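In the text below, chain A, chain B and the rest are named by the order of the sequence lines, each starting its count at 1. Every value quoted in this text rests on a predicted model; they were computed, and no experiment measured them.
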Amino acid sequence: MSAIEPALVRTESELEHAVSVVSQFNEFVIDIETDGINPRTNALSWVGLATYGEVFLIPMQHRRGRLLREERLTKSGKPSKAQTPPVHKRYYGDPGAQLMPDVVTAAIEPLLFGEQLKIGHNVKFDMLSLAKYYGGRIPDGPYNDTLVMQHVVDENRRSYSLKDIVPDWLRISKDDRKGFYPKLGKNVASHPIDALAKYLAKDVRYCWLLWQALCDWISREDMWDVLKLEMDLYPVIMRMEAAGAYVDPDHLDEMEQELDLQLQTIERDAWTTAKVRTPFPLTNTNMKRDLLFKPKAEGGQGLKPLKLTPKRGDPVLDQATLEHYADKGNKLASLFLDYSEKQKLLGTYVLGLRTRMNNGKVHTSFTQHAAVTGRLSSRDPNLQNIPRDSNVRALFVAPPGYTLVVADYDQIELRVTAHFSLDERMRAIFEAGEDIHAGTYAAIVGKEIEDVTKDERQIGKGLNFAVVYGAGPPKVAAMSGVSVEDAKFFMKQYYKRFNNIEPWKYFVLNEARRRGSPAHPYLQPPYVTTLLGRKRRLPDLFAREYIPLGRAERQAINHRVQGTAAEIMKIAMIRVDQAFQDTPFTLILTVHDEIVSICPEGMENEAKELVVSALSGITLNERPIIDVPLVVTCEAARRWSEAK
DNA sequence: TTCCCCTGCGCG
DNA sequence: AAAGCGCGCAGGGGAA
């Protein structure tokens, strides 16, 4: 490929030209640079655009021109001729004429808010950052995110950064990669304007080429339905991230103080127990190690290390070790354990939330490229693993004047299983609207569902988990509270009674293997699909050893079920978003089989009705999406913890 | 200092 | 014979 000559857009007429060229095409790549990673607070510093054969780079208020001269200083401050003195001073030229961000954002508005396809690598970040310049308006679709596209065609990659993907596409050898995509520091403003232009030109140009290659590949893989769902969901996710989740600030303060106090108490208690003269923080691992494992004569507890670190031979201080000695009655070990538990609650959830708060809200990122099955994931902060029975969930509240509306699917994965397996007995339980776990137990022992006890229902639950996750007798036994022998018996009965489940599993696995080539398990891997055709490629379905083989088989079955459930929820989210247009209702969170919205106080019933019908009335080709009823529970609550 | 891997634990 | 899927984050430990 020929070298890219970055044409900098510095004047209004150049800007007008750039926009008019880009607007002639149906699609374009956009990539922006900012001074920070928080889209709600960062400032725009560069816009890069690419389309058929064209690249435009628009710097704004970039202060460093070309690098004129480097001065190397010794520590004493004197100029030095030595080869690599540690301190540099650099002199830069005039960066030249540039446009103001307001002028640029106004000019590109028709590109963003028009009908053209907007392409970018994680373009969500760019749009959320730009929304500030349009009074918070987030450009609606159509979008193509090359990050999501890459994940659709190859879900098993470790990295999805442009820097790692593009060289694969262009077949750049390992040795040439460093020079091919030079690493620029995070701080955009610190680089000379020409260096940054060169870098950004590569980014937008390669993103454009990547998009073209990915379009072909998605066609080849026949996965446009999957991509369409992801890209229809894209603006919905952006709106959710922008809306954010409200956190009760007073409650957060209270919890922080309470945990602080508890930590201090534990710390003081530990100092007394250890009989130390000088207080030390209970985060100090070396100190804790000494106190537990040094002989009593040296002020320690004289415990025997359970295992040692491989390199230095220090005693390991992990949870298992601490628990071992805490169980034996060592007070210090149990105090250390208590401390780390509270520390985790305080650090991960309380302070973790606090540092990410913005005007009373936290704005998570939902990623579409993290889960191999196609589930969404949530990060920075992760709002999908908030503890259920601690007080943390109660921190999430509706804003003043609003109520939370929380809806979730009942047993969606088992309903999907019933749909795919065509198991009549399993479907009958759902058709009759009965409790699946109790119904499962009743079916295998042949008793009435009304007579199933709580303990027996637990056995049914364990068996149902075993179906979806592929758990073996020991796990089923542990979950059901029965012996391994009994678990084996129940499982055997289960597959006898629900007699289509096992054949269905074998069918899915055989179908997957037929799609692959045993001779080339990586070039042409076996794969399983979801309802819409999302693939999970599993080379290990051809493994000869039973551990990886067994794992791959469990992953295969689980993919079809979990991935399809995820698709149903994604369609539901799009429908909720549509139903919420021109209403005061807002979708704010999703946790796999649950969605959380807010609505003005007093409008709960209307909101609930919209949500329930959006979730339960999903069709595909004018038929219900699965042949098993979708049951939704929905309730209004002041705090997230108060729902269900 | 920064990055990577591992373990443990929170959720569905 | 043995057999739990999918995530993200914090902390420990080691490598660069």
In this structure, how many angstroms lie between the P atom of C:dA3 and the CG atom of A:Leu509, rounded?
19 Å

I want to check one thing: is the phosphate of C:dC5, taken as OP1 and OP2, less than 4.0 Å away from some side-chain N or O of A:Arg554?
yes

Cation over ring face, A:Arg536 and A:Tyr527, 6.0 Å, 45°
no

Is there a side-chain contact between A:Gln343 and the phosphate of C:dA10, meaning an N or O under 4.0 Å from OP1 or OP2?
no

Using a cut-off of 4.0 Å on non-hydrogen atoms, how would the nucleic acid contact of A:Val591 be classed: base, sugar-phosphate, or nothing?
sugar-phosphate

A:Tyr469 has an atom OH; how far is it from atom P of B:dC11, in whole Å?
13 Å

For the side chain of A:Tyr349, counting heavy atoms from C-beta on, which of C:dG6, C:dC9, B:dG10 is nearest?
B:dG10

Let's see if you can work this out: which of B:dG10, C:dG4, C:dC9 has an atom nearest to the side-chain heavy atoms of A:Asn385?
B:dG10

Taking the cut-offs as 6.0 angstrom to the six-membered ring centre and 45 degrees off its axis, would you call A:Arg560 and A:Phe420 a cation-pi pair?
yes

Do A:Arg638 and A:Glu642 meet the salt-bridge criterion of a basic N to acidic O distance under 4.0 Å?
no

Tell me which nucleotide, if any, is Watson-Crick or G-U wobble paired with C:dA16 when both distances must be under 3.5 Å.
B:dT1

From CG of A:Leu383 across to C1' of B:dC11 the rounded distance in Å is 11 Å

Closest approach to the side chain of A:Gln562, judged atom by atom: which nucleotide of C:dC5, C:dG8, C:dA3 is it?
C:dC5

Hey, which of these two, A:Arg551 or A:Tyr546, hits DNA chain C nearer its 5' end, going by closest nucleotide?
A:Tyr546

A:Gln384 atom CD is separated from B:dG12 atom P, nearest whole Å, by 10 Å

Is it the case that A:Thr440 and A:Asn464 place a side-chain donor and acceptor less than 3.5 Å from each other?
yes

Looking only at side-chain atoms of A:Arg356, point me to the closest of C:dA10, B:dC11, C:dG8.
C:dA10

Would you say A:Lys608 has more than 12 foreign heavy atoms packed within less than 6.0 Å of its NZ?
yes

Has A:Arg388 got a side-chain N or O lying under 4.0 Å from the OP1 or OP2 atom of B:dG12?
yes

Heavy atoms from C-beta onward define the side chain here; which of B:dG10, C:dA1, B:dG12 lies closest to that of A:Arg375?
B:dG12

Among C:dG4, B:dG12, C:dG6, the nucleotide that comes nearest once only the side chain of A:Phe465 is considered
C:dG4

Considering only side-chain heavy atoms of A:Pro473, which listed nucleotide, B:dG12, C:dA3, C:dC5, is closest?
C:dA3

note: A:Asn382, atom CG; B:dC9, atom C1'; distance rounded to Å ~ 12 Å

Scan A:Gly347 against the nucleic acid and name what it touches under 4.0 Å (heavy atoms): base, sugar-phosphate only, or nothing.
nothing

Closer than 4.0 angstrom, basic N to acidic O: yes or no for A:Arg157 and A:Asp164?
no

Answer with base, sugar-phosphate or nothing: what part of the nucleic acid does A:Val476 contact at a heavy-atom distance below 4.0 Å?
nothing

Tell me whether the OP1 or OP2 atom of C:dG6 has a side-chain N or O from A:Arg536 closer than 4.0 Å.
yes

What nucleotide among C:dG6, B:dC11, C:dC9 has an atom nearest to a side-chain atom of A:Thr348?
C:dC9

